[in-house]
4 protein chains.
Amino acid sequence: MGNDIDEVVRGAGRPRDPRIEQALLAAVRDLLTEGGYAAVTVAAVADRAGTTKAALYRRWPALPHLIHEAAFPGELAQDLVLGADLATDLTGVVRGTRDTLCSPIGAAALPGLLAEVGAWPDLHAAMMRRFGGVFAALEDRLQKAVRDGDAHSEARADDVLRLAIGAVLAGLLLTPGELDDAWVDRISATLTRSLRP
Amino acid sequence: MGNDIDEVVRGAGRPRDPRIEQALLAAVRDLLTEGGYAAVTVAAVADRAGTTKAALYRRWPALPHLIHEAAFPGELAQDLVLGADLATDLTGVVRGTRDTLCSPIGAAALPGLLAEVGAWPDLHAAMMRRFGGVFAALEDRLQKAVRDGDAHSEARADDVLRLAIGAVLAGLLLTPGELDDAWVDRISATLTRSLRP
Amino acid sequence: MGNDIDEVVRGAGRPRDPRIEQALLAAVRDLLTEGGYAAVTVAAVADRAGTTKAALYRRWPALPHLIHEAAFPGELAQDLVLGADLATDLTGVVRGTRDTLCSPIGAAALPGLLAEVGAWPDLHAAMMRRFGGVFAALEDRLQKAVRDGDAHSEARADDVLRLAIGAVLAGLLLTPGELDDAWVDRISATLTRSLRP
Amino acid sequence: MGNDIDEVVRGAGRPRDPRIEQALLAAVRDLLTEGGYAAVTVAAVADRAGTTKAALYRRWPALPHLIHEAAFPGELAQDLVLGADLATDLTGVVRGTRDTLCSPIGAAALPGLLAEVGAWPDLHAAMMRRFGGVFAALEDRLQKAVRDGDAHSEARADDVLRLAIGAVLAGLLLTPGELDDAWVDRISATLTRSLRP
DNA sequence: CACTAATCGAGACGGTACGTCGCGTCTTGTG
DNA sequence: CACAAGACGCGACGTACCGTCTCGATTAGTG
């Protein structure tokens, strides 16, 4: 006894075909790569995935939600390891952010996605959640840096993270193609300097 | 002599009604304020301006160009005065950027505009040009700061500007409503620290 | 022996809930009355009956068959009594036809049903069968009338019946609301005249 | 002067391409012939006509209106000539009605059209108007017949016409294929008999 | 008492059509 | 030429209905 509700919820009706979900996500990634954001149409995605628009709308409230999930699956902090010296750790954050947002798929999806955020509050929340892990890790790391005397005591993780994300965003939207590894090093060094006590 | 070309161009046929241009720009600003980016459709703009779509397309190659001009007229560096100490000047740059991009009209127009940039190279160029004056002024100021010993010698104006713009952009797109004056001060202070020799 | 087949057919598996059949028929009649033919969708019928689409399709090959059975149950000649003089009997046929086809439910169902007849041969057959009893009775009556000298010898029951049905049909489809009792009397009189020797 | 309104109405905007109207009507007729009522889809019609759905909706409020105009253009009484003896004239009415409603296109369109009549009051009115000429002519002819002693004085043109239309309708919807010339003669004779004084 | 087989509810599935909207172009008549 | 008006081709949108299917859970009769 106990989880009657769960059982009812799980058991009701024909279960969704899990392959359709994957096929739709893959179709979005294909179309983003081949034709950019404009090519990602509800009909085109469904077609490419070998299914129908209705199946798509059953899973996501609108196209941008699906695109978001397809372009930025999982947690951004996934392979972020903080533990070296502060400069190295900040480089990791900046590089990770750049790699994620500037990947072919990410770069194709992001501008359009950001434009739709205003119309879909839940989409906005979902995007913010992606940065949750990075923020927590960075906050911990910064507190340690303050204790170790590597950072001044007013340093704020949210400001640092927003500067990093913002730098990538501005680069991606305004001057794409200049965000090479040298740029990562320069921005990381700048952030490191800004934290000095 | 002199402006033959102008005369030929101007002289042929009925001259354009200059009021239409202004009415269209005003209509875009009204619609942005009232209904956001989604409300700014060609038909709605022309209607609100009391004119027609054809008149609009005679003046701008496409809607985003008109929106750009309506939301961000003139040069961004317009009322930027650099000459005080470095911290104050940087605060001016950050505040000016925030004020421009986060004005009700700017905030409504920017996400959509950035999404369209990929499709209209000339629109991208036009947007970049807006920052030209700020960049030049900041570069001058930074060189002086290096000479004065206020900034380290590897400081780059483009990186600083991109960090400032990026910070505003990230704030606007991801956490709007948090970009108050205290935020401006914190970010400006951070940038100033990052420039210390 | 005798009903082995019946027993085998009946015995296997869980028996059908007889209340569902009635609930579906009643649901169709409700929806026809409330919202007309367009309101009678498979999902709406199943919902209203408190059951599901699958249960419906287990009982009828398609929606029109169910609608037919709901709107025109049983034999049309049910309460047709022929035996008075010819004029009275013809009035009975015309009135009966009108009453059946022009009842609120019948009138709502008929136009749609007739449109579907082309797509469902078995539905066509089922509809024709409804008139079988009336036709047989009318044919008998007409033969007697010929013998009695009340009708000319070339009178054909099928033509008379088609004229009667057609008159109701044309009235229902083209000028509904005019098929009152006076109309029944006029049409009956006309048919009676046409049969005179 | 005087028709300012007309001039304004006519002169405003780009005029409709008259070829599109014809192409759409022809497309409906083609599709009716080839695939029946079910094949007449908004998209299919527009496609076949080499135009778009929007152009169609600009001309007719809905598909049934277009189908009606395509299947039953002009006045039904077009080539109806009344003036011979009553029996011949009635045969002309019955035959004309049958020919119009039972033509391949008419037969394909009619059942569906009649089903939609309930949903579109204006469509109903348009269909009724088609019979206006026939009714007027028949009324005149009947009055003359009464004066000549060929018809009894209570004969009503509307009843006769409804009987004729109804006979064709019932034949078309219930027993198509039996409405040959012999049937026309039988029904006409029946109607003639029914009018005898 | 298990076993079998059809039913029940719920709801996803592929397919197809709907009517609307926006874009950027075009074609008129009138200044 | 510009201008108002509005039709044009194009293509996407989100919804609705159809008839089928796949589940897990009943609900009889049978072995």
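Reckoned from all heavy atoms, side chains included, excluding hydrogens, waters and symmetry mates. Keep in mind it's a predicted model, so treat the numbers as computed, not measured. A, B, ... follow the sequence lines: proteins, then strands. Residue 1 opens every chain.
Per the geometry, CG belonging to B:L24 stands 14 Å off P belonging to F:dA2, to the nearest Å. The separation between D:H65 atom NE2 and E:dC18 atom C1' is 16 Å, rounded to whole Å. Atom C1' of nucleotide E:dT7 and atom CD of C:E21 are separated by 14 Å, given to the nearest angstrom. Across the protein-nucleic acid pair, B:L66 atom CG and E:dG24 atom C1' stand 14 Å apart, rounded to whole Å. One atom, CD of D:E116, and another, C1' of E:dA17, lie 13 Å apart when rounded to the nearest Å. Look at CG on B:D47: it is 12 Å from P on E:dC23, rounded to the nearest Å. For the pair C:D17 CG and E:dA6 C1', the interatomic distance rounds to 13 Å; values are reported in whole Å. Put simply, CG on D:L56 is 11 Å from P on F:dG9, counting in whole angstrom units.
Nucleotides of DNA chain F nearest to B:T52 and A:A62 differ in position, and the one nearer the 5' end is that of B:T52. Residues D:A38 and B:L63 each lie close to DNA chain E; by heavy-atom proximity, the contact nearer the 5' end of the strand is made by D:A38. With the nearest nucleotide of DNA chain E identified for both D:Y57 and C:A55, C:A55 has the one nearer the 5' end. Place B:I20 and D:R59 on DNA chain F by their nearest nucleotides, and B:I20 ends up nearer the 5' end.
No N or O donor and acceptor, one from the side chain of C:K53 and one from the base of E:dG11, sit under 3.5 Å apart. With hydrogens and angles ignored, a donor-acceptor pair closer than 3.5 Å exists between the side chain of B:R14 and the base of F:dA2.
B:P111 is not listed as a side-chain neighbour of A:L114, based on a closest heavy-atom distance of 4.5 Å or more. In this structure, C:R59 and C:L66 have side chains that are not in contact, with every pair of non-hydrogen atoms separated by 4.5 Å or more.
Using a 4.0 Å cut-off between charged nitrogen and carboxylate oxygen, A:R29 and A:E69 do not count as a salt-bridge pair.
Applying the 6.0 Å contact sphere to CZ of D:R19 captures no more than 12 heavy atoms from other residues, nucleotides or ligands.
OP1 and OP2 of E:dT16 both lie 4.0 Å or more from every side-chain N or O belonging to D:T41.
A:R19 comes within 4.0 angstrom of nothing in the nucleic acid, heavy atoms only. D:R58 comes within contact range of at least one nucleobase, with a heavy-atom separation under 4.0 Å.
Listed candidates were F:dA5, E:dC13, E:dA10. Nearest to the side chain of A:R16 is E:dC13.
The ring-ring contact (aromatic ring centres under 6.0 Å, His included) test with C:H65 is passed by exactly one of C:W120, C:W60, C:F72: C:W120.
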